[in-house]
Every structure is written in C-alpha cells, then in structure tokens.
Amino acid sequence: MTLSASTPDRELPAQYDPAAVEVPLYQRWLAAGYFGADPARVLSGERKPFSIVLPPPNVTGNLHVGHALDHTLMDVLARWHRMSGDEVLWLPGMDHAGIATQNVVERQLAVDGKTRHDFGRDLFVQKVWDWKHESGGAILGQMKRLGDSVDWSRERFTLDDGLSAAVQTIFKKLYDDGLIYRAERIINWCPGCLTALSDIEVEHQDDLGELVSIRYGDDADGTGDGIVVATTRVETMLGDTGIAVHPDDGRYAHLVGRTLTLPIAGRQIPVVADSHVDPTFGTGAVKVTPAHDPNDFEIGRRHGLLPITILTEDNHIDGTGTAFDGLGLLNARSAVKEELRRQGRIVAEKPYTHSVGHCSRSGDVIEPRLSLQWFVRVAPLAKAAGDAVREGRTVIHPPELAPRYFDWVDNMHDWTISRQLWWGHRIPVWYSTDGEIRCVGPDEEPPGDGWVQDPDVLDTWFSSGLWPFSTMGWPDRTDVLDAFYPTSVLVTGYDILFFWVARMMMFGTYALPAADGGPGVPFRTVALHGLVRDQFGKKMSKSRGNVVDPLAWIEEFGADAVRFTLARGANPGTDQAIAGEWVAGARNFCSKLFNATRFAMLNGGALATGPIEPAALTAADRWVLDRLDEVIGQTTALLEDFQFGKAAEGLYHFAWDEFCDWYLELAKAQLQSGDEEVADTTRSVLGRVLDSLLKLLHPFIPFVTETLWTALTGGESLVISPWATVSGRTSDHVAAQWVSDVQALVTEIRRFRSDQGLPPGRRVPARFSGGSASVNAAAASLTRLTPAEAGFSATASLVAASSAGPVDVEVDTSSAVDKPAEIARLEKDLAIATKEIAAAEEKLGNAAFLGKAPEPVVAKIRNRSDRARADVQRLTVRLTDLRKDRT
RNA sequence: GGGCGCGUAGCUCAGCGGAAGAGCUCCCGGUUUACACCCGGGCGGUCGGCGGUUCGAAUCCGUCCGCGCCCACCA
C-alpha cells in the first residue's frame, strides 16, 4: 500500500519515504486553508494574535541554507502557536533588491552587447518586470518544499502598489518633518555600478597597498625642505588643496599659515593646523583632498579648502589640466608616482596593508566622491529606535547582542538613500526649471509642465524598513494592522541586525504610534540566530567551495530531516555547523519515529488513543507518562525562550533513548504478558505518548508527524490540533525508581553478556537471587535470559546493586564464543608478523645490502614490512579487546 | 582603536558551582518478528596555561596564550 496525502491512511507501509509524502502533504494543507490568518478572530477577542513577517528574500534569490534555518525557526514558532490556539499570521513576500536585480537583467542584456541605455528607462524597467515574472521568485516554491506555513494569500512584494504608496507616504512625511534632505556630500560611490551606496553596502577588507611618502614644497617657495606627506593614493594629489598638521606639532609650527607648491599641478596650497591629524602617524603631516576623502572634506570645510573633483564617475582622471587627464585610476596612480619620482619627490615607498571599502554587490573598490544626493537625517530616528530597546518595548534575544544594536543606532551616520538606478521606488520629488523643489505624496497629483521628477530611485532598504507595517496595509488603517501589529517576533540572523532590523525599528517607531501614544515598535521581540557554517565550523563561501545546497539535502533526506538538523543546532545568537551525515542522522530519527508508530499500530495502539484507566498502569507505564509530562512542560518552556536547539534535543532524546529504547521494549513484555487488562492499558499508553510526542515534534518535522498522527489517530490534521498538554498526574517516584533499577540491571547484564562472548540474540538460561522480583523479571525479559532448568554446564555470575539490595545473576555460558582459542591463534599471527618486521628492519639497515640489491627487491621488502606493521596494529587491537573482555 | 564572543572526546558543539555529556566518526558483537535509516557493548577528555575565591570550579574572579566575529572616515 502507498501513503496518500489526500486521505489519511490508518496503516503504515514498511518504510517511510519522505519524498513521496512531503509535496502532496503540503498541497493538502494549502487546500485546507490551514495557514490563513483571520484578523476578525483577533479583533473579536476570540483568539490571541501571533504574527511574524518573513524577512523578504531577494526576488533574485534561491533558498540557501541560511534561509532554511531562518524559515525553519519561524515555522516552528508559527506552527507551535497555531496549535496553542493563537491566530497566527506569518506573512511572506519578496524584496525587489534594487541593485542585485538590475544587475541580473543588465548582465543578460550585456550578452547581446547592449546596456540599459539602449532601451531607455521605461522599457528597461519593463524588462526587469518581465524577468521577475518569468524567472524571479524561485525561492517561493522552495519555501513550500521546506514546509513554511505562511499565509500565501497575503504575499507581498516591495514594489507592489500598496507598498509603493507606503514608501511615498513616509518619504513625504520625513521630508515635511525635515528628516530628509538633499545635499552635496562625500558619499560611497561604486564606479562599477555607477551609483551611490549607503555605509552598510560597503564592505571593508584589508588590502595590500603601498604607502608613498612625497615631499611637497622646497626652497623655491621658501619652505626649505618642504613637508613630507604619506599617501596610499598617490593620484589624488592632483586634487589636493592643502596640507594639514596637528596644531601642537612643533615640527611644523613655522609652516602653518604659509603656502607650498603642489608638485605637478604647480598651484599653491596652504598648510593648516587641524586636531584631526595624528602627529604620531607617519610624518605627522597629511595631504588634504576634500573631494575624495571624507576626512579631508571635513578638514577642508573647517579651513576653507575647496574640493576639486579629479575623477569621473567611472574613475578616470578629469579636469586637472595635466597630462594625466583621461587615464584610469590605477594607471594614473603609477604614472603620477613615476613623474614624482622623476622630479625626485618620492621620499619613501613601502608595502602597506590597510582597510579598503568594496561594493558589497560588485566588489569594486569604493570611491569616496563628492556628490549631490538625498539623505535621511537619522539622529532622531535612531534615538527612538535605541530607546525602544532601552525601555524594553522591544526585547533583543539573546541579550548579549543588544550592545551591537546600541553601538549601531547611537553612532549612525546620515543615510544616503538615493541610488542612480532605474529599478526601485523613484524619488517622489520634482524640480522646476527655476530650481523649485516639490515633494509629492501618494494622493497628490504630480506637478505638470515645466517640472521634472528626480531620476534616482530609493535604496532598497528604504522600502524593506517599512516591511512590518507596509505589508499590513499601512498607511491605511486595516484590520490586519489592528489585529497583528506590532508583530510578535522577528526571527533573523544577527548579521542583519544593522542592515535591516535597525531600519525597521527607526521607521516603525517613527510612523506608527503605540497604543499608549508613545512610539510604536515593529516587533516585541527580535530573536537572533547565528550563521550556518560548514562541518568544520568554517564560513561558507563560493571561493572556499564549501557552500551547501539545502534543496539537494531535502531531495535526499527529506525536508523534515533538514529542518530538524538545523533546529537542533540552533542556539540563540550562536553559529552552527552542518554536514550531510548529520542530516542523515535526522532522517534516521524520522525513520525511528515512523517505526515506533508502526509498532504501536501493529499492536493496536491506533485504536487506543482515548482516556487511560489508571488502575491498570504498570510502573513502566507510569514512568513514561511522567516523563512525557516533563517533556511537554520543558519543550513549551524552551520554545517560549527561543531555545530551539535544546527543545529539539530534548525531544530527540525522549523519543529515542527513553520511549523507543526502554518503554517500547518494556511494553513488548506487557503486551505479551497474557494479562489483557495490562495489554489494553499498554496500548492506551502507547497511543497517548505518541499522540503527544508527535504534537510536540510537529513544529520541527511537520511532514512525518502529520503522516503518522493522522494514521494513528484518524484525526484531520496536526496543523490544527491542540498543543500537547500535561496530564496533571503527580509524578510517581516509585515508578521512576523501578525503571531506574531495571535500566541499571539490564545494562549490567548486557555488558556481562558481551564480556562473556554470549551472542546478544541467543536465549540464555539464568538464575536470579536477591533484589526485586518484578525488576528481575523485566530485566530478564530485556536481556533474553530465561529461567534455568536443571544445572548449567558452565556458569559465570555477576552481582549488581539495586535499590532493593544486591542482585546475583548466574548465567549459563555454555553458548559463549571460545575466546582462549581465538586469543592463542591471534597471538601466533602476531608473533609471525613481528618477526617479519624485525627481519625486514635488519636487511634495510644493512648498508651493504642496500648498496647491492636492485631497487625492486628493496621495494618488495619495504612493502612486506609495511604490511606486517599493519597486521601488528590490527592484531593488537583485536587482542586487547579479547583480553579485556575476559576479565 | 572600540564592542562581543570562543577555546570541553578525532570533528561539530551542549553543560556554566555540586559525581565529565550529545551528534557524527572509530572499535567489538549481532538475521533480537517496529526499525541494519537498526540493536547491544566499548575506546576516547590534566574541560587552553597559570594563579585566586569556595567545603567543592569545566562552571565565579584575575592573568597569560591562541582563535573568531562586528563596528570604526588610522592618511
């Protein structure tokens, strides 16, 4: 028979095949509408809300292992809360991912030798939309494969009409409040993407460069030996408009206020005193290039040194009036250096490793560039975002990561939000021919003739920052917003704390007042998990070649196995490693559950999921029910604390080490005891434990648990079943002690059997004396000891301690493997191998022999010696085992 | 230069004041009627070093060594 997802079966096949079950099962859940959220049930007070917005993956993206972790943890929470009776909204969607997506389409155009300019703005944007509809959003199908219980009816895209209106609304509000401004500043310019970038889109890495010391000025301008400055960017000297030294630096005091001749360019530049200069670094004098360095820009502003831009947007020297105009940046660097060398102005040059900004998208070296851009004045927004956490309106979990958040929001620079791209939300600002500026809200008509809209679009993170409420209909007041905002929790990696979380906190507190009139927050808790690394704990990267594909594992081991592996390794804020073997281990766990349930059903457990008659409970029954209660309480508490790893680990051990390894084995005896009341009760206990266990595990491994639970109970679905509840029994210490005694005795006997060379499967006659009769009987059953008839032919005995006094077990060892003979044989082999090695050593140590014997003969002897060594090693290990077993 | 964290079995990690643990690996045995995606047994650790607090420290404090991550306008 086969497992069908559409109609739950009450029988199970011989083996679990996740691939055959998972896809149709997900379709069944969708068809049943289990994942839909209804705000009415919250607003009526019928249910408590639980809401999560999915961090929107890029429309260009595929499900990588980091997503798989992120989504698994969110799904655990969503499914758990749904079962706990909350109205759950898990809202999915995607990010338009400005630069990333535009780049994808531009690369396609480049294949035909075209650029976006060949098509013009409107046509190009249409092409991006076409791409999005055809190839974008592959990740959505992959989310379904993973089992995400999101409300697909509420899927959003950051460029949807509604979200675009939200973007325009908040832009206008910020503009009117003076929190958005346009200014000419030094910004991060990517010469590859030809756009401005915000600080977070720049990645710093240590690059090897060259620190070149140059002498400015000389006798000719009356400054004697002049001043030596050091730079890693020689070419920027063409844009120098000053030299700065520290005000207290006596070495240069006589030069401050004078001017020097700038080599090559020939213009006079002043020496200024500025406390920014570190007198201990290099020569203590720094060249000032206001248009190409943020520090220098500030120094220049303080001292009236005007910026001179010497680079085009694509990094060519321009407008310097020198022979270098037209050269690319790196060519210019060496050419300028050569010219300085020719003039004898190079004082020193040495290799120098320093931190250099790179474009996080293209990898190009970022050029600080003076440019007219739009900015968000972040100070008041960041203050509110910080206060929300300081005041506990939003809790960061684990708390150790809060300092990072504060460090960020307390020191944030103004945010460059304009991008010289076409794919994104266009800046809603129009300019008139005579220089007027007008910011237009979503409900307003754009101005007519004589006005042109700003050509730039907004940073992708501008719209992502609105995600928690723009997706719920803001700026309109909607039922969804009323019911589900603020969201309950944001689950994400700590690596995105600044990129995204801080932005949402800023916009959320700014745009939406809380119920008490104070600043609203987008989420009550931020639960941060770590990064997924490879099996050696190394960061995954394409260059390292250790990136794993969760989809391949899903196909091989099933989505449940991948989910369980990730959840089990998830400790708050801590990175985790993952390997295929571990996913296989999780698959084995699913299989174990499957077989345990199958066993219960084959024994009638499926018919016995009703109430239990307490009178007939054995000690084993009472013990497992008590343990179940403990596990239910513990799992619930751990989930409340976002301790996914420990919750999964606890369930794994209860299910495998306690329920399967001990209770199931004890239950076999109870089922075969011939006492029908005991057997019936055992069936009930099996049903009861599995019912609860499958519920507890369902958030982690939804597919296999659903398959098993519907088969076991005939219920409709675990997705909508109530969460496991404790029985309310008082725990039974006597039962716990009984089981503990059985476990201790069984373990002793098993070790004894193994030591004696008694094959585990064989029934062996034995006599017990002392201890508890019921413990002894159970232990005998689990260790295949049968009551001895007449006298033994050969015996050995052990004495085990138990709470009922010492137990003496006498065992018939006539069926034991004959170890002394085996040992004797191995010892002989070992002696031969040892001799062989000695003989080989002697020959190889003989210089005369080595000098005369042909190489093949020597190689043969070496080979034989190596083999003998391997033999010795193998035999020694085996002998050690055998000798040890005898004692 | 700031901030956070980590060094526990071969590997990846839990444990964070009261008798050293898990998964994977390794070794031995096993056709045990739920399961070989399994069962049973076993090897393996001066819990980074050194001091201190404590009746007791992997667990707290100090210090040193090694490693990682994040932030930062060190030319």
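Lettering follows sequence order; numbering is per chain, from 1.
When heavy atoms are screened at a 4.0 angstrom cut-off, Val277(A) is found touching base atoms of the nucleic acid. Within 4.0 Å of Asn411(A), counting heavy atoms only, lies no atom of the nucleic acid at all. Backbone-only engagement by Glu649(A) is indicated by non-hydrogen atom pairs under 4.0 Å involving sugar-phosphate atoms exclusively. Thr597(A) comes within contact range of no nucleotide atom at all, as no heavy-atom separation falls under 4.0 Å. Residue Arg404(A) is in base contact, counting any heavy-atom pair closer than 4.0 Å across all strands shown. Among the heavy atoms of the strands, none lies under 4.0 Å from Ile186(A). Cys660(A) comes within 4.0 angstrom of a base, heavy atoms only.
When Watson-Crick and G-U wobble pairs are counted only if both distances are under 3.5 Å, U31(B) pairs with no nucleotide at all. With both pairing distances under 3.5 Å, A22(B) is matched to U12(B) as a Watson-Crick or G-U wobble pair. With a 3.5 Å ceiling on both atom-pair distances, the Watson-Crick or G-U wobble partner of C50(B) is G62(B). Here G44(B) sits opposite no nucleotide as a Watson-Crick or G-U wobble pair (both hydrogen-bonding atom distances under 3.5 Å). Searching all strands for a Watson-Crick or G-U wobble partner of C69(B) with both distances below 3.5 Å returns G3(B).
The gap from the C1' atom of A19(B) to that of G56(B) amounts to 12 Å, rounded to the nearest Å. A distance of about 45 Å separates the P atoms of U46(B) and C74(B), rounded to the whole Å. Comparing the C1' positions of G44(B) and C28(B) gives a spacing of 15 Å, expressed to the nearest Å. Taking atom C1' on both C47(B) and G18(B), the two are 16 Å apart, rounded to the nearest angstrom. Rounded to whole Å, the P atom of A58(B) lies 30 Å from the corresponding atom of G3(B). When the C1' atom is used for both U25(B) and G45(B), the distance is 16 Å, rounded to whole Å. For the P atoms, the distance linking U31(B) with C16(B) amounts to 43 Å, nearest Å. Across C43(B) and U33(B), the matching C1' atoms stand 33 Å from one another, rounded to whole Å.
Remark: His653(A) NE2 to Cys660(A) SG distance equals 13.0 Å, nearest 0.5 Å.
Between Arg751(A) and G40(B), a side-chain N or O to OP1/OP2 separation shorter than 4.0 Å is absent. Trp656(A) has a side-chain polar atom (N or O) that falls below the 4.0 Å cut-off from OP1 or OP2 of C39(B). Look at Lys646(A) and you'll find a side-chain N or O under 4.0 angstrom from OP1 or OP2 of G15(B). Contact check, Tyr405(A) against C4(B): no side-chain N or O comes under 4.0 Å of OP1 or OP2. Contact annotation: Lys668(A) reaches the phosphate of A34(B) (side-chain N/O to OP1 or OP2, under 4.0 Å).
The cationic atom of Arg503(A) (NZ for Lys, CZ for Arg) lies less than 6.0 Å from the six-membered ring centre of Trp415(A) and within 45° of the ring axis. Geometrically, Arg568(A) engages Tyr652(A) in a cation-pi contact defined by less than 6.0 Å to the ring centre and at most 45° from the axis.
Side-chain atoms of Lys287(A) and Thr236(A) form a donor-acceptor pair, as typed in the model, at a separation below 3.5 Å.
The interatomic distance linking Tyr663(A) (OH) with C39(B) (C1') rounds to 20 Å, in whole Å. Distance, Met412(A) CE to C70(B) C1': 16 Å, rounded to whole Å. Taking atom CD of Glu665(A) as the reference point, atom P of C38(B) lies 15 Å away to the nearest angstrom. Atom CG of Asp657(A) and atom P of G40(B) are 9 Å apart (whole Å). Computed from coordinates, the Met237(A) CE to A75(B) P distance equals 19 Å when rounded to whole Å. For Asn571(A) and C16(B), the CG to C1' distance is 13 Å, given to the nearest whole Å.
Side-chain contact between Leu671(A) and Arg683(A): present, with at least one pair of heavy atoms (C-beta onward) separated by less than 4.5 Å.
Using cut-offs of 30° and 60° for the angle between ring planes, the Phe659(A) and Tyr663(A) rings count as parallel.
Using a cut-off of 4.0 Å between Lys/Arg side-chain N and Asp/Glu carboxylate O, Glu649(A) and Lys646(A) are scored as not salt-bridged.
When the nearest nucleotides of RNA chain B are assigned to Leu211(A) and Glu400(A) by heavy-atom distance, the more 5′-ward of the two goes with Glu400(A).
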